[in-house]
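Sharing a structure here in structure tokens format.
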Amino acid sequence: MIDLKYLQKSFDEATQKLSKKGVDNETLENLKQLFIGLKEANATLEEAKAEQNRMSKLFGQYKQEGKDIGELKAKVDANKEVIAVLQAKANEAEEALQNVALAMPNLPDERVPVGTDEADNIELKKVLEPRTFDFEPLEHWALAEKNGWIDFERGVKLAKSRFSVLRGEAARLERALINFFLDVNREKGFEEVCVPYINNAAMLQGTGQLPKFGDDLFKIEEEELYLIPTAEVPLTNLYHDEILNENQLPILLTAYTPCFRKEAGSAGRDTRGMIRQHQFDKVEMVALTTPEQSDQIFELMVENASDILTRLGLPHRLVELCGGDLGFSAACTIDLEVWLPGQNKYREISSVSNTREFQARRAKIRFKEGKKNTLVHTLNGSALAVGRTLIAIMENYQNADGSITIPKVLEKYM
RNA sequence: GGACAGUUGGGUGAGUUGGCUGAAACCACAUCCCUGCUAAGGAUGCGUACUCGUAAGGGUACCGAGAGUUCGAAUCUCUCACUGUCCGCCA
């Protein structure tokens, strides 16, 4: 959630920043008014309550002293009705504010380029030269069929479209990648954790998936529980509503989890192959830091994801997302895109974001800074998306006969 | 799933004949003092959120969540959630 006090105080600056994300002035003006309205409503309500408390105290005194309480009771009863009305107004104001505030995206950082979509993102650098083929490289689904690695039909039979089954070497490679990723992350100082794949609504609101993006989540019927769309949710919310000690920070976490997404709004995109699935494996990094540490940790996370790709010998590039392509919670994001020779283009394989205090405010994660409680910064990034890495290996390591070479670093994991 | 018990501040844990308790005590933590030597003694401070105020200092709310009774509830009533123990079931 954005800082409403900041919005009120520095309204012009906030509108200018949020215009990068396509939020118009009117929406922000409305939010500001709702905030001011709530404060006013609360002020009058609290005044009435204070009066009520004073009279209640007197009430007890009078009774003890045996004084007549008839007049006081009349006053108190009258005030009670006033409070009920004011309370209703305040509740209404609160709800109206929350509805708008929780749907407001994070402020982008200064350095985020202006732009509306993918096309306006800025390439920062390329790592590793794509190899040249002396034959026409195939796309991963063709390779999958040749090698019997992915069973798309049976995946659909078991569940529905956008589900698939990995078989034999592919299944082993998937597992090898998970272990490899976790090991590298652990080397870099991330604590490995194993978390629930089902989280409750409060957690999803904490990281920003709810209330606005519930359509993209698989919900458990009859319960306020959801399959996680990313390990970012349980990892970040591990410290939901907690106050940490400054010396605990930074907290670096990594976890392997499957991820579940409805992919609402992606109808028709990447329908062929395994790029976009309802269920996919991912190893995620999450960091909780002080505001001072977060830029440095952000770099660490980007470099780590890039390092993993380099160790796998996968050509990739780093892309700074423009305002329009930035996620809801992110203040800045660098995507890592891996080269897919079969598709002849770079495709997203990791996304590292700094949400600053946006999620921390929602999830109430603070740390003691002297006597003060300060919101932490939360960061998240994939290291890496496992299925897409598998695809990248298939396409980059394919041979003329359709066979696939296993990258050296993975040999000991197979 | 059945039976009983519980849910208080960072921790342990008082408080359940409704007002003097936002909450004792102890521990932990912070600052200071004493002492001198590795183990202790003393003082003070120490929940969260919002809000008013330059500040000092006020106000409101919160004792699992929600609703109710009452002038007034951590304390009474109801609903729900969670935890523990026993039983059943099970990887």
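What you see is a predicted model; the values in this text were computed from it and never measured. Letters go in sequence order (proteins before strands), and every chain restarts at 1.
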### Task
Measure the acute angle between the ring planes of A:F180 and A:Y413, then classify it against the limits of 30° and 60° as parallel, tilted or perpendicular.
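Perpendicular: the ring planes of A:F180 and A:Y413 meet at over 60°.
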### Query
For B:C89, which nucleotide in any strand shown is its Watson-Crick or wobble partner with both distances under 3.5 Å?
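In the structure as shown, B:C89 has no Watson-Crick or wobble partner.
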### Message
If I pick the P atom on B:C46 and the same atom on B:A25, what distance separates them, to the nearest angstrom?
### Response
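So the two P atoms sit 12 Å from each other.
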### Query
For B:G47, which nucleotide is its Watson-Crick or G-U wobble mate, given both distances must be under 3.5 Å?
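Pairing partner: B:C62.
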### Message
Considering every strand and a 4.0 Å limit on heavy-atom distances, what is the contact class for A:R366: base, sugar-phosphate, or nothing?
### Response
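It contacts sugar-phosphate atoms only.
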### Query
When you compare B:C27 with B:C82, how far apart are their C1' atoms, in angstrom units rounded to a whole number?
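Nearest-Å result for B:C27 against B:C82 at atom C1': 27 Å.
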### Query
Within the structure shown, what part of the strands sits under 4.0 Å from A:N245 by heavy-atom distance: base, sugar-phosphate, or nothing?
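It contacts nothing in the nucleic acid.
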### Task
For the pair A:D216 and A:R261, find out whether any cationic side-chain nitrogen is under 4.0 Å from an anionic carboxylate oxygen.
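Here A:D216 does not pair with A:R261 in a salt bridge, since their nearest N and O are not under 4.0 Å apart.
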#### Entry: Identity of whatever pairs with B:C76 - Watson-Crick or G-U, under 3.5 angstrom
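For B:C76, the partner nucleotide comes out as B:G68, under the 3.5 Å rule.
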### Task
Taking atom C1' in both B:A74 and B:A61, compute the distance separating them and give it to the nearest angstrom.
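About 14 Å, rounded to a whole number of Å.
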### Task
Please check if the distance between the ring centroids of A:F298 and A:H377 is under 6.0 Å.
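Aromatic pair excluded; centres sit 6.0 Å or further apart.
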### Query
Paired with B:A5: which nucleotide, if any, by Watson-Crick or G-U wobble criteria at under 3.5 Å for both distances?
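B:U83 is the nucleotide pairing with B:A5.
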### Message
Reading RNA chain B from 5' onward, which residue's closest nucleotide shows up sooner: A:K57 or A:K39?
### Response
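The residue mapped nearer the 5' terminus is A:K57.
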### Query
So, for A:F328 and A:F213, is the gap between ring centers shorter than 6.0 Å?
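Between A:F328 and A:F213, the centre distance is under 6.0 Å.
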### Task
Would you indicate what A:A43 reaches in the nucleic acid, counting non-hydrogen atoms under 4.0 angstrom: base, sugar-phosphate, or nothing?
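Nothing: the residue A:A43, judged by heavy atoms under 4.0 Å, touches no strand.
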### Task
Assess the side chains of A:R186 and A:T254: does a donor N or O sit below 3.5 Å from an acceptor N or O?
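There is no such pair between these side chains.
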### Contact boundaries on RNA chain B for chain A, cut-off under 4.0 Å to non-hydrogen atoms
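Here the contact window of chain A covers B:G19 to B:G72.
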### Query
Are A:D335 and A:S351 close enough that a side-chain donor and a side-chain acceptor fall under 3.5 Å?
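The answer is yes; a qualifying pair exists.
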### Task
Assign each of A:M55 and A:K368 to its nearest nucleotide of RNA chain B by heavy atoms, then name whichever residue's nucleotide is nearer the 5' end.
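It is A:K368, whose closest nucleotide lies nearer the 5' terminus.
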### Query
What nucleic acid atoms does A:I243 come within less than 4.0 Å of, heavy atoms only: base, sugar-phosphate, or nothing?
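Sugar-phosphate, backbone atoms only, no base.
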### Query
With a 3.5 Å cut-off and no angle check, do the side chains of A:T257 and A:K282 form a donor-acceptor pair?
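A:T257 vs A:K282: no donor-acceptor pair found between side chains.
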### Message
Under 3.5 Å for both donor-acceptor distances, Watson-Crick or wobble: does B:A55 have a partner, and if so which one?
### Response
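With both distances under 3.5 Å required, B:A55 matches none.
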### Query
Base, sugar-phosphate, or nothing for A:D77, non-hydrogen atoms under 4.0 angstrom?
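Sugar-phosphate contact only - A:D77 comes under 4.0 Å of backbone atoms but never of a base.
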